[in-house]
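The structure appears below as structure tokens.
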Amino acid sequence: MDNQSTLEKLSEKVSEILQRYNAVHEENELLRSELVTLKAEKEIKDQEIERLLEQNTMKDLEIEEIVNKIESIIG
């Protein structure tokens with residue numbers, strides 16, 4: 001009888017471990033999915049930042065050209 005009780009306890013512990021494993025596995029998959037999403041969003045933002053920096057550089061060049069034209073007109 002005592003042996004059955006020990007076997008039942010062992011079975012319960014194994015079941016608990018499996019439940020915890022499954023919960024951690026699910027959480028891990030969710031985190032992995034979230035990580036992939038965040039990496040994709042970061043890449044899009046990085047591309048947008050690069051585009052805006054290039055645009056800003058072009059605007060600076062335009063302003064410089066305008067200033068040079070004004071200076072040449074004023075003499």
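For reference, positions follow the sequence shown, starting with 1.
The environment of CD in Q55 is crowded: more than 12 heavy-atom neighbours from other residues, nucleotides or ligands sit within 6.0 Å.
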*Apply the test side chain to side chain contact (heavy atoms under 4.5 Å, CB included) to residues E34 and L31: give CA-CA distance (whole Å), side-chain angles for both, the deciding distance (0.1 Å), then the verdict.*
CA-CA 5 Å; E34 185 177 352; L31 290 172; 4.2 Å; yes

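Between the T57 side chain and the L53 main chain, a donor and an acceptor come within less than 3.5 Å of each other. Formation of a donor-acceptor pair under 3.5 Å by the S33 side chain with backbone atoms of E29 is not found in this model.
The only member of D46, L38, I44 that meets side-chain contact (heavy atoms from CB on, under 4.5 Å) when paired with K42 is D46.
Between E48 and R51, at least one side-chain N (NZ, or NE/NH1/NH2) sits under 4.0 Å from a carboxylate O, which counts as a salt bridge.
From K59, atom NZ reaches atom CD of E64 across 15.5 Å, with rounding to the nearest 0.5 Å. We find the CG-CG distance between N28 and L35 to be 10.5 Å, quoted to the nearest 0.5 Å. One finds the CG atom of L30 at 10.0 Å from the NE2 atom of H25 (value rounded to the nearest 0.5 Å). Rounding to the nearest 0.5 Å gives a distance of 12.5 Å between CG of N56 and CD1 of I49. In this structure, OG in S11 is found 10.0 Å from CD in E16, a value given to the nearest 0.5 Å.
Counting Ile, Leu, Val, Met, Phe, Trp and Tyr side chains that sit under 4.5 Å apart, directly or through other members, I74 shares a hydrophobic cluster with I66, I70.
Linking ILVMFWY residues whenever their side-chain heavy atoms come closer than 4.5 Å, directly or via other members, places L18 and L10 in the same cluster.
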